[in-house]
Asks: 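Handing you a structure now.
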Amino acid sequence: MPDGPVSCTGCRGGALTRLPMVLTDGTEVVFVSCHSCERREWFQPAVHGWEQIPIDSVLRRSTKYR
Ligand SMILES: [Zn+2]
């Protein structure tokens with residue numbers, strides 16, 4: 001699995017923190033935090049790179065079994 005997008009979708013900056021995670025349903029995602037604009041995004045691997053996923057979707061799935 002690649003380590004995530006190389007640039008921020010907001011400011012196109014490359015200073016990102018990328019944190020691979022696995023949701024409780026087994027979905028592999030990457031949490032991306034931009035150092036420049038403080039944007040926070042979640043991505044999952046897709047056919048053509050990385051697909052952005054809504055944060056409420058992540059929260060719903062990651063809290064499913066609590
Ligand atoms: Zn940014």
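Numbering of ligands and ligand atoms starts at 1, following listing order. Predicted model only: the values in this text are computed from it and were never measured.
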Asks: Walk me through whether E38 and R40 qualify under salt bridge (Lys or Arg N to Asp or Glu O under 4.0 Å).
Replies: CA-CA 6 Å; E38 299 188 347; R40 286 175 169 77; 5.4 Å; no
Asks: Under a 4.5 Å cut-off applied to non-hydrogen side-chain atoms, are V32 and P5 in contact?
Replies: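 Yes, their side chains come closer than 4.5 Å.
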Asks: Heavy atoms only: give me the nearest V6-R18 pair and the separation to one decimal.
Replies: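 Taking V6 first and R18 second, the nearest heavy atoms are CA-NH1, 4.0 Å.
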Asks: By residue and atom, what protein N/O/S atoms are less than 2.8 Å from the Zn ion (ligand 1)?
Replies: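 Result, waters dropped: C8 SG, C11 SG, C34 SG, C37 SG.
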Asks: Could you give the distance from CH2 (W42) to CD (Q52), rounded to the nearest 0.5 Å?
Replies: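 Answer for the CH2-CD pair, W42 versus Q52, is 12.0 Å.
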Asks: Linking I/L/V/M/F/W/Y whenever their side-chain heavy atoms sit closer than 4.5 Å, directly or via other members, would M21 and I55 fall into one cluster?
Replies: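 They do share one cluster, since a chain of ILVMFWY contacts under 4.5 Å joins M21 to I55.
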Asks: Identify the heavy atoms of V58 and L23 that sit nearest to each other, and give their distance.
Replies: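 In this case the closest contact between V58 and L23 is CG1-CD2, 4.0 Å.
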